[in-house]
Asker: 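The following block contains the structure, expressed as structure tokens.
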Amino acid sequence: MKEDMYDNFKKLQNRVIDSLAMTDLIKIQKILSNIDGPTISTGVGGSYVVSTFLSKILSKKNNIICESLTPRDLIYKNLNCYENIIACSYSGNNFGVYTSFNNNLKKYLFSRNTFENVTNIKYKTSDIEHSFISLSSTLIPMTILLAYYLDNDLSIINEILSLTYNFDFENSDIYEILSGYDSNTAHTFIESTMVESGIGTPIIHDKYEFCHGRSTFNLCHSSNLIFFYCNSELDKLYESELNDYYNSIIKINKRFDDELINDYYFTYISMLLCKQIAKSKNKDLSNVNYSKLVKKLYFYKGGM
């Protein structure tokens with residue numbers, strides 16, 4: 001019998017905590033701490049969410065330039081100014097990983113599996129998730145990265161994963177998202193999840209760019225707004241002005257002073273939000289009625 005999203009959300013915290021207990025965090029910490037020089041991280045789908053978070057962790061913790069890209073971008077990007085490539089992949093064997101490693105950079109794989117002739121940053125899982133939308137397979141590597149950032153202090157992680165949230169909103173097919181670098185891991189998860197599951201049409205607005213004409217979209221289309229609220233002067237302006245323009249405003253308040261901890265928190269709360277949106281539309285994030293194109297395209301291996 002297939003697990004539905006309710007099963008997978010019920011198991012999410014235990015799966016993450018079990019992985020932390022099983023994984024050699026000290027070894028991962030040692031590998032990550034030795035990464036120096038300009039670095040690219042890659043991933044697709046849920047692993048692109050991980051890649052986004054990884055780039056921020058290494059940038060701040062290791063004080064290096066780190067950029068998150070999709071594997072195809074590497075074909076067109078000038079890589080001469082970079083030293084390292086880190087491929088994020090739960091399975092570790094998709095074509096995107098091979099594409100990411102088709103260069104002369106020092107190679108790392110962040111995965112539950114291993115790859116030959118690269119430095120493997122391996123984590124362990126005891127209970128494999130079966131879900132169309134990545135939940136634990138996204139949150140586990142993100143949690144390991146946050147544990148590295150926090151020098152393996154897991155108290156904040158446990159605090160976040162124990163939170164519950166109930167959102168009040170009207171049903172909508174379009175969700176505009178007010179965000180920025182400080183919440184880009186979270187908005188990357190929402191965008192990927194909404195598109196892959198079909199629960200909504202996401203449109204991401206950079207908070208300042210929204211000042212320059214993007215509010216016109218709402219004049220032509222009825223939509224909800226997801227607002228990552230960080231209590232800035234600009235956020236307060238939006239809070240006072242936007243209520244009359246949207247069916248519902250879903251405000252996710254900043255909870256932690258530290259930007260990276262807060263982005264992790266935003267991402268976890270975004271998972272709960274997507275679950276509630278899916279429920280309101282009688283859809284299941286774990287068992288998606290997907291297009292026939294998915295199987296035709298998923299195993300593509302060729303030139304890009």
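Quick caveat, the model's predicted, so the values are computed rather than measured.
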Asker: Decide whether S89 and N94 meet the rule of one side-chain donor and one side-chain acceptor closer than 3.5 Å.
Answerer: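 Per modelled atom types, S89 and N94 side chains form a pair under 3.5 Å.
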
Asker: Does a donor on one side chain and an acceptor on the other come within less than 3.5 Å for S286 and S131?
Answerer: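 Note: S286 and S131 side chains meet the donor-acceptor criterion.
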
Asker: What's the shortest heavy-atom distance between C274 and F189, and which atoms?
Answerer: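 For C274 and F189, the tightest heavy-atom pair comes out as SG-CE2, 4.0 Å.
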
Asker: Using 4.0 Å as the upper bound for N to carboxylate O, is an ion pair formed by D151 and K61?
Answerer: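 The answer is yes: the pair qualifies as a salt bridge.
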
Asker: Let me see the working for S19 and T125 under side-chain hydrogen bond (donor to acceptor under 3.5 Å, both in side chains), right down to the final yes or no.
Answerer: CA-CA 5 Å; S19 179; T125 56; over 6 Å; no

Asker: Between K251 and E239, does at least one N-O distance fall below 4.0 Å, as a salt bridge requires?
Answerer: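 Yes, K251 and E239 are salt-bridged.
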
Asker: Report yes or no: do I57 and I31 belong to one cluster of Ile/Leu/Val/Met/Phe/Trp/Tyr joined by side chain heavy-atom distances under 4.5 Å?
Answerer: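 Yes, it is one cluster - the side chains of I57 and I31 are joined through contacts under 4.5 Å.
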
Asker: Suppose we call two aromatic rings close when their centres sit under 6.0 Å apart. Are Y165 and F167 close by that rule?
Answerer: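 So the answer is yes for these two rings.
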
Asker: With I85 as reference, evaluate L79, L109, L74, N102 under the side-chain contact (heavy atoms from CB on, under 4.5 Å) test and give the passing residue.
Answerer: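 Looking at L79, L109, L74, N102, the match for I85 under the side-chain contact (heavy atoms from CB on, under 4.5 Å) is L74.
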
Asker: For T70 and D73, which I'm curious about, is there any donor-acceptor pair between the side chains at under 3.5 Å?
Answerer: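 Present: a donor and an acceptor within the cut-off.
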
Asker: What do you reckon, is NZ of K60 surrounded by more than 12 foreign heavy atoms closer than 6.0 Å?
Answerer: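 Enclosed: over 12 neighbouring heavy atoms sit under 6.0 Å from NZ of K60.
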
Asker: Between E196 and F132, which heavy-atom pair has the shortest distance, and what is it?
Answerer: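 For E196 versus F132, the nearest heavy atoms are O-CE2, 3.4 Å.
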
Asker: Just checking, is any N or O donor in the side chain of E170 or S248 under 3.5 Å from an acceptor N or O on the other one?
Answerer: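 Their side chains do not contain a donor-acceptor pair, so the 3.5 Å distance test is not met.
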
Asker: What distance do K254 atom NZ and C230 atom SG have between them, rounded to the nearest 0.5 Å?
Answerer: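 Between K254 NZ and C230 SG, I get 5.5 Å after rounding to 0.5 Å.
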
Asker: Where the side chain of D235 meets the backbone of N231, is there a donor-acceptor pair that is under 3.5 Å apart?
Answerer: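 Yes.
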
Asker: I need the I226 CD1 to I252 CD1 distance, nearest 0.5 Å.
Answerer: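 The CD1 atom of I226 sits 6.5 Å away from the CD1 atom of I252.
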
Asker: Taking the side chain as every heavy atom from C-beta outward, state whether S41 and Y108 have any atom pair closer than 4.5 Å.
Answerer: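 Side chain of S41 against side chain of Y108, heavy atoms only: no contact under 4.5 Å found.
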
Asker: Strictly by modelled atom types, are N120 and T114 linked by a side-chain donor-acceptor pair under 3.5 Å?
Answerer: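 No donor-acceptor contact under 3.5 Å links the two side chains.
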
Asker: Please tell me whether T52 and T185 have a donor and an acceptor in their side chains that are separated by less than 3.5 angstrom.
Answerer: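 No - no donor-acceptor pair under 3.5 Å links their side chains.
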
Asker: Compare all side-chain heavy atoms of K11 with those of E129 and state whether any distance is below 4.5 angstrom.
Answerer: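 No, side chains not in contact.
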
Asker: Do N218 and S223 have side-chain N/O donor and acceptor atoms under 3.5 Å apart?
Answerer: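 Yes, side-chain donor-acceptor contact under 3.5 Å.
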
Asker: Side chains of N113 and Y90: do they bring a donor and an acceptor to under 3.5 Å?
Answerer: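 Not at all, the side chains of N113 and Y90 share no donor-acceptor pair under 3.5 Å.
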
Asker: Whether the side chain of E259 engages the backbone of D182 through a donor-acceptor N/O pair (distance < 3.5 Å, no angle test) should be reported.
Answerer: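 No; zero donor-acceptor contacts below 3.5 Å.
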
Asker: Is the distance between the ring centroids of F256 and Y264 under 6.0 Å?
Answerer: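 Here the rings of Y264 and F256 have centres that are no less than 6.0 Å from each other.
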
Asker: Any idea which heavy atoms bring G43 and P71 closest together, and the distance?
Answerer: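 Looking at all heavy atoms of both residues, the closest pair is O-CD, 3.7 Å.
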
Asker: Indicate if I121 and V118 have the same hydrophobic cluster label, given that clusters are the connected sets of ILVMFWY residues with side-chain heavy-atom separations under 4.5 angstrom.
Answerer: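 No, I121 does not connect to V118 through the hydrophobic network.
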
Asker: Say you draw a straight line from CG of L178 to CG of D206; how long is it, rounded to the nearest 0.5 Å?
Answerer: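 Going from CG on L178 over to CG on D206, the span is 9.0 Å.
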
Asker: Let me confirm one number: the OG-CG distance from S197 to L285, rounded to the nearest 0.5 Å.
Answerer: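 With rounding to 0.5 Å, OG (S197) is 5.0 Å from CG (L285).
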
Asker: Say you draw a straight line from CG of L225 to OG of S215; how long is it, rounded to the nearest 0.5 Å?
Answerer: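 Answer rounded to 0.5 Å: 11.5 Å.
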
Asker: Check side chain to side chain donor-acceptor pair (under 3.5 Å) between Y265 and all other residues, then give those that pass, not counting sequence neighbours.
Answerer: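 Here no residue qualifies.
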
Asker: Decide, yes or no, whether a salt bridge links R214 with E176 under the criterion of side-chain N to carboxylate O below 4.0 Å.
Answerer: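 Salt bridge between R214 and E176, a charged N being under 4.0 Å from a carboxylate O: no.
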
Asker: In the hydrophobic cluster built from side-chain contacts under 4.5 Å, what are the other members alongside F217?
Answerer: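 ILVMFWY cluster around F217 also holds I174, I203.
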
Asker: For residues K56 and N184, is any side-chain donor paired with an opposing acceptor at under 3.5 Å?
Answerer: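 Per modelled atom types, K56 and N184 side chains form a pair under 3.5 Å.
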
